[in-house]
Protein chains: 2
Amino acid sequence: MTKIESLSLGTATRTAIRNAAEEMYATYGIDGVTTRALAERAKVNMAAINYHFGNKDNLMLVVFRDVARRTVQRRLDYMARIDAQALGEGRPPRIEEVVEAFVDAYVNEDSPRTGILLAHFVLQHRVRPTEWTRQIVREELDDFAVTYMAMMRRAASHLSEAEIHWRYHLMVGAVMMSLSDQSEDGRMAQLSEGLVHPEDRTEFRAQLIAFLVDSFGRGPATHGDIKD
Amino acid sequence: MTKIESLSLGTATRTAIRNAAEEMYATYGIDGVTTRALAERAKVNMAAINYHFGNKDNLMLVVFRDVARRTVQRRLDYMARIDAQALGEGRPPRIEEVVEAFVDAYVNEDSPRTGILLAHFVLQHRVRPTEWTRQIVREELDDFAVTYMAMMRRAASHLSEAEIHWRYHLMVGAVMMSLSDQSEDGRMAQLSEGLVHPEDRTEFRAQLIAFLVDSFGRGPATHGDIKD
DNA sequence: TCATGTTTCAAGCGTATGTTTGAAACAGGT
DNA sequence: ACCTGTTTCAAACATACGCTTGAAACATGA
């Protein structure tokens, strides 16, 4: 392959490895993917993985850093749109809008794998933080969290800054855990005995947003808020 | 050791292993504990672990089944008290009470390790479900979930059964994730730059309950609240 | 004293897994 | 034709880990 390709998109083998890695991480979990199985799935020799990515941890780093970047970028775009509109109407952003900005990156149709992948990453970081997970959190996620909380603060002005912190982190927890139980044979689907369909993305989105909007409270009764 | 001891509490070695296992699971995560390290911490020979528990998975099963049982029992007791009181006053249970019944087992002072342990278990089951995690969920947790949702339904009568399912599962997610970030050097503590103190159990309890109560909504304006 | 169950001890077994190696083939650009 | 970077291939290496083994010591109750 030419130098240009190898610097921009990488060679065909390299992308084959990355794609297979994304698929397998989403399916089997991060720890559930061995070098050998990955090589087989990507129809690539094991040595190629180390040739391109050095080692396993670095492959995870590259894959999940990309997932994190895509997600954050998408959220920031959404937030910019909200901000522009709110500014135009001379009002603060609405809680519902801010919540949607957080959730949209997971539940939209174009990138169905992004949500489950980021959920796996966050859960992995919680269960077993390592250097590469810390690096992604530090370099890709922390800044966004601060920015996001600032906007939520404007939307939920009845909450103190400390409360915003608590609720943001609780929100992240709820969202990440729910993303890891989206399948038809997941826990919620089984317990509800068919009443609930986590795999229905429209319902998922609606229920998730309803929960989160409520969770930030409506503030004092003077608000005359819109809910539901 | 006598037969009685080995059947009831187990021998000293057996309990030493269990205690060390609980400590280490809470500290290093479930996957982060090797047989060798555990034997060293318990000041016990490796062979003793297999002698008493058969294999590693079975040790995890025994330890976490006990954690699950303790937690569920505590919640059921709490719920019984609520129910008696509400019945005496001729009213349905309050959302706040029902939420407290769920949370209390984690944030009280007597068993500071229970919360983090159950959180580790649930996260482990999500990241990497195995036979022993499934067994605990099936035999110790599923029944409780149904019972609990039934009570929550009575408290939050403005929500449909499907909505109760969604919000219960989202609640579990939020609680479990928050429990895994309780330390002073956790993510929330760092991001807030000292504003928030996750290790303060009183604050933790208050913020968690406030979030959860709000998350189940206030329903129609029957609670002396605004319209909607 | 004997029998039974418990525990230590150190060594080793089997296996899964991440990684490396070196030779060879391949492709594209100069 | 030559160079360089890419990829395959099969084998092996190193290591960590769960688990086993067999003998010996220990404890306790019958």
Side-chain angles (χ1 to χ4, degrees), chain A residues 1-22 24-25 27-64 124 127-128 130-133 135, chain B residues 1-22 24-25 27-64 124 127-128 130-133 135:
Chain A
M1 286 298 155
T2 74
K3 205 170 183 181
I4 290 176
E5 278 171 338
S6 78
L7 284 181
S8 59
L9 296 173
T11 64
T13 309
R14 194 182 162 94
T15 57
I17 294 170
R18 286 190 50 160
N19 286 336
E22 275 203 16
M24 295 188 76
Y25 291 150
T27 308
Y28 305 109
I30 299 180
D31 282 349
V33 180
T34 66
T35 313
R36 283 173 176 79
L38 175 57
E40 196 174 352
R41 170 75 153 256
K43 281 184 284 218
V44 147
N45 190 275
M46 267 178 39
I49 297 176
N50 289 303
Y51 175 80
H52 282 289
F53 297 95
N55 57 44
K56 209 192 176 192
D57 276 11
N58 193 57
L59 171 63
M60 293 168 172
L61 177 70
V62 168
V63 168
F64 285 101
Q124 177 76 16
V127 167
R128 191 171 250 293
T130 53
E131 202 33 61
W132 70 269
T133 65
Q135 184 178 342
Chain B
M1 287 297 154
T2 73
K3 206 172 182 181
I4 291 175
E5 278 172 336
S6 78
L7 284 181
S8 60
L9 295 174
T11 63
T13 309
R14 193 183 163 93
T15 56
I17 293 170
R18 284 189 51 160
N19 286 336
E22 277 202 15
M24 294 188 77
Y25 290 149
T27 309
Y28 305 109
I30 299 180
D31 281 350
V33 180
T34 67
T35 312
R36 284 171 176 81
L38 174 58
E40 196 176 351
R41 169 76 152 256
K43 281 184 283 221
V44 147
N45 189 274
M46 262 180 44
I49 296 177
N50 290 302
Y51 175 81
H52 283 289
F53 297 94
N55 56 45
K56 207 194 177 193
D57 276 9
N58 194 56
L59 171 62
M60 294 168 173
L61 177 71
V62 169
V63 169
F64 284 101
Q124 177 77 16
V127 166
R128 192 170 251 291
T130 53
E131 203 33 62
W132 72 269
T133 64
Q135 184 179 343

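Residue numbering restarts at 1 for every chain, and letters A, B, ... go by the order of the sequence lines.
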Side-chain N or O of [X] less than 4.0 angstrom from OP1 or OP2 on [N]?
{"X": "B:Thr35", "N": "D:dG18", "value": "yes"}
{"X": "A:Tyr51", "N": "D:dT6", "value": "yes"}
{"X": "B:Thr11", "N": "C:dT7", "value": "yes"}
{"X": "B:Thr13", "N": "C:dT7", "value": "yes"}

Can you find a heavy atom in the side chain of [X] that is under 4.5 Å from one in the side chain of [Y]?
{"X": "B:His52", "Y": "B:Thr11", "answer": "yes"}
{"X": "A:Val44", "Y": "A:Tyr51", "answer": "no"}
{"X": "B:Trp132", "Y": "B:Asn58", "answer": "no"}
{"X": "A:Glu131", "Y": "A:Asp57", "answer": "no"}

Euclidean distance, atom [atom1] of residue [X] to atom [atom2] of [N] [Å, nearest integer]:
{"X": "B:Asn58", "N": "D:dG18", "atom1": "CG", "atom2": "C1'", "answer": "14 Å"}
{"X": "A:Arg14", "N": "D:dT7", "atom1": "CZ", "atom2": "P", "answer": "10 Å"}
{"X": "B:Ile49", "N": "D:dG18", "atom1": "CD1", "atom2": "C1'", "answer": "10 Å"}
{"X": "B:Leu38", "N": "D:dG18", "atom1": "CG", "atom2": "P", "answer": "10 Å"}
{"X": "A:Asn45", "N": "D:dG5", "atom1": "CG", "atom2": "P", "answer": "20 Å"}
{"X": "A:Asp31", "N": "C:dT17", "atom1": "CG", "atom2": "C1'", "answer": "12 Å"}
{"X": "A:Arg36", "N": "C:dT15", "atom1": "CZ", "atom2": "P", "answer": "14 Å"}
{"X": "A:Met60", "N": "C:dG18", "atom1": "CE", "atom2": "C1'", "answer": "11 Å"}

Note to self: Side chain of A:Ala47 only, heavy atoms from C-beta on: which candidate in C:dT7, D:dA10, C:dT19 is closest?
What the structure shows: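 So the side chain of A:Ala47 is nearest to D:dA10.
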Check: For the side chain of A:Asn50, counting heavy atoms from C-beta on, which of C:dG5, C:dT19, D:dC19 is nearest?
Finding: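 Output: C:dT19.
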Next item on the list: Return the minimal non-hydrogen interatomic distance between B:Met24 and B:Leu38, and the atom names on each side.
Entry: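 Reported closest heavy-atom pair: SD-CA, 3.8 Å.
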